[in-house]
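Have a look at the structure below, then the notes.
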Number of protein chains: 2
Amino acid sequence: MINVLIADDQPLQRFGFRMLLESQDDMTVLSEAANGSEAVRMTAQLTPDVVLMDVRMPGLDGIEATRRITAAGNRTRVLILTTFDLDEYAYAGLRAGASGFLVKDAQPEELLSGIRAVATGDAVVAPSLTRRLLDAYAHHLPAQSPSDGPEPTALDPRLTALTDREREILTVIGQGWTNTEIATRLHLAESTVKTHVGRILAKTDSRDRIQAVILAYDTGLVKPS
Amino acid sequence: MINVLIADDQPLQRFGFRMLLESQDDMTVLSEAANGSEAVRMTAQLTPDVVLMDVRMPGLDGIEATRRITAAGNRTRVLILTTFDLDEYAYAGLRAGASGFLVKDAQPEELLSGIRAVATGDAVVAPSLTRRLLDAYAHHLPAQSPSDGPEPTALDPRLTALTDREREILTVIGQGWTNTEIATRLHLAESTVKTHVGRILAKTDSRDRIQAVILAYDTGLVKPS
DNA sequence: GCCACCGTAGTACCCGGGTACGACATCGCT
DNA sequence: AGCGATGTCGTACCCGGGTACTACGGTGGC
């Protein structure tokens, strides 16, 4: 049985959550808190398994309440809920030690399975937020794959399909030249440039010149200045 | 309609996935791949919305296949599935650009909602993995106000004029996202994206997004991968 | 209370970029 | 002599990107 504490300043919201949770035979609502301080106090008294925590509350907000609850050290997990998927809240909440972060417009089933996951020690983050977190931090994830060797100066395989001329064009694309500029500076017709560009995009599987610019940087054809 | 490509070396497994997906009226299975190379090739040909990618496959494994698919730059999302929730795989997969990482013992509904989330540009990570990721990285999340240690590498002067949101947008521009992609993935209207982009270009004296991409690389906002 | 800034959203318009064709000359290899 | 790869040039078409506005709610500073 999962003991839950609901912390939300809106009574109607609390009621909805309570109804939903009580309809499950593996969950009970221990009590309800209307602000952060109450949530902290009740958590200390009742030691629920999970606190369903709203972010926006008068007085002590959900983030700070989460910080104090997790700092206390007992095994109560905090699942933060918010109306808006503001990433500032997500970052702050997760930093504060929350085990999860869901948006209120989620499906009831998602909330329920989220509570169960959190209760068993797992963690959940709303997909829309996961996206932002990944975008921001995926690059920083530890690389333990052995394929992180030193880089030789040989031509990147992604560029081998290109002819010399095409690599030349790709280089100036990577420097931000427009087709017109390439044409005048290299004494070509614009149609010729377009032909080259088209072939480059096809051979490198780039959908537009932006991808080509990125490729130029990633392969080292163009170096950051 | 969500077009899905199934990549798994076990025929029985593929069959199961196909049955599950075809039972949904908003999903179709475009094709099946039995190894990584096939997955990459078929993705290029068929441009599915989502690739259901197994990690362990003979030849080119799921991680490397994911890397190549996402490197290609088209809008196909990769949802990685694995039997074991080994975090090495998860790290590698997410670093490779996967939009999600689920374990195979998940409930069918979880898989389906995961596919839908990924198709609309969101991201999903299995709760058991989210827990590990949070444990490892919650400390590294950007600080809001509280006193925090290491400085986040001083901002390049050319970017100081930008607001936080604008820098966020510039980052994804630097990753080659189109306006439409930015809109869907960040849950914005395309007009809003255009407004942001316009301001970014004005503030950074860039004549088009290409110059902005170059600037993103030169200032280190985006790093070569 | 007012105002500046920010993020969001909309409409209308123009233009460069990309695609899909076809065409021709040169060069090197067989 | 024939052929393929490469580089050059052309036309026609469509769409995404960029610009130029306007607008409005929220927040924070004064």
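So that the names make sense, note that chain A is the first sequence line, chain B the second, and so on, each numbered from 1.
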Tell me which nucleotide among C:dT8, D:dT8, D:dG10 gets nearest to the side chain of B:Thr192.
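Looking only at side-chain atoms, B:Thr192 lies closest to C:dT8.
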
Side chains of [X] and [Y]: does their closest heavy-atom pair fall under 4.5 Å?
X	Y	value
B:Asn179	B:Arg209	yes
B:Val4	B:Val51	no
A:Val50	A:Thr76	no

Counterpart residues, side-chain hydrogen bond (donor to acceptor under 3.5 Å, both in side chains), relative to B:Asp25 (two or more places apart)
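Here no residue qualifies.
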
With B:Asp218 via side-chain hydrogen bond (donor to acceptor under 3.5 Å, both in side chains) - residues at least two apart:
A:Tyr217, A:Ser225

Atom pair distance, as rounded to whole Å: [atom1] in [X] and [atom2] in [N]:
X	N	atom1	atom2	result
A:Ile200	D:dT6	CD1	P	13 Å
B:Ile169	C:dA9	CD1	P	11 Å
B:Glu166	C:dC5	CD	C1'	11 Å
A:Glu168	D:dT6	CD	P	15 Å
A:Gln211	C:dT19	CD	P	12 Å
B:Ile182	C:dG7	CD1	P	15 Å

Is any NZ, NE, NH1 or NH2 atom of the basic residue among B:Arg14 and B:Glu22 found under 4.0 Å from an Asp or Glu carboxylate oxygen of the other?
no

B:His196 side chain N/O closer than 4.0 Å to the phosphate oxygens (OP1, OP2) of C:dT8?
yes

Distance below 4.0 Å between B:Ser191 side-chain N/O and C:dG10 OP1 or OP2:
yes

Can you name the one residue among B:Asp54, B:Val125, B:Leu52, B:Ile63 that meets side-chain contact (heavy atoms from CB on, under 4.5 Å) with B:Ile80?
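Of the listed options, the one satisfying the test is B:Ile63.
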
Test of understanding: with ring-ring contact (aromatic ring centres under 6.0 Å, His included), list the residues that count as partners of B:Phe17, not counting sequence neighbours.
none

Which angle, rounded to 10°, do you find between the first-five-pair axis and the last-five-pair axis of the helix from C:dG1-D:dC30 to C:dT30-D:dA1?
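End-to-end axis angle: 50°.
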
List the atom of B:Gln211, the atom of A:Gly176, and the distance in Å for their closest heavy-atom pair.
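Shortest heavy-atom separation between B:Gln211 and A:Gly176 comes out as NE2-O, 3.2 Å.
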
Using every non-hydrogen atom in the two residues, find where B:Ser206 and B:Thr204 come nearest and quote the distance to one decimal.
OG-OG1, 2.8 Å

Contacts under 3.5 Å, N or O only, protein and nucleotides 17-23 of chain D:
{"from": "D:dG17", "atom 1": "N7", "to": "B:Lys194", "atom 2": "NZ", "distance (Å)": "3.4"}
{"from": "D:dG18", "atom 1": "OP1", "to": "B:Arg209", "atom 2": "N", "distance (Å)": "2.5"}
{"from": "D:dG18", "atom 1": "OP2", "to": "B:Arg209", "atom 2": "NH1", "distance (Å)": "2.7"}
{"from": "D:dG18", "atom 1": "N7", "to": "B:Lys194", "atom 2": "NZ", "distance (Å)": "3.2"}
{"from": "D:dG18", "atom 1": "O6", "to": "B:Lys194", "atom 2": "NZ", "distance (Å)": "2.9"}

Taking only N/O atoms, report every protein-nucleotides 24-26 of chain D pair under 3.5 Å with atom names and distance.
none

Strictly distance-based, threshold 3.5 Å: is any side-chain N or O of B:Gln45 a donor or acceptor partner for the main-chain N or O of B:Arg41?
no

Residue closer to the 5' end of DNA chain D, A:Ala189 versus A:Lys203 (nearest nucleotide):
A:Lys203

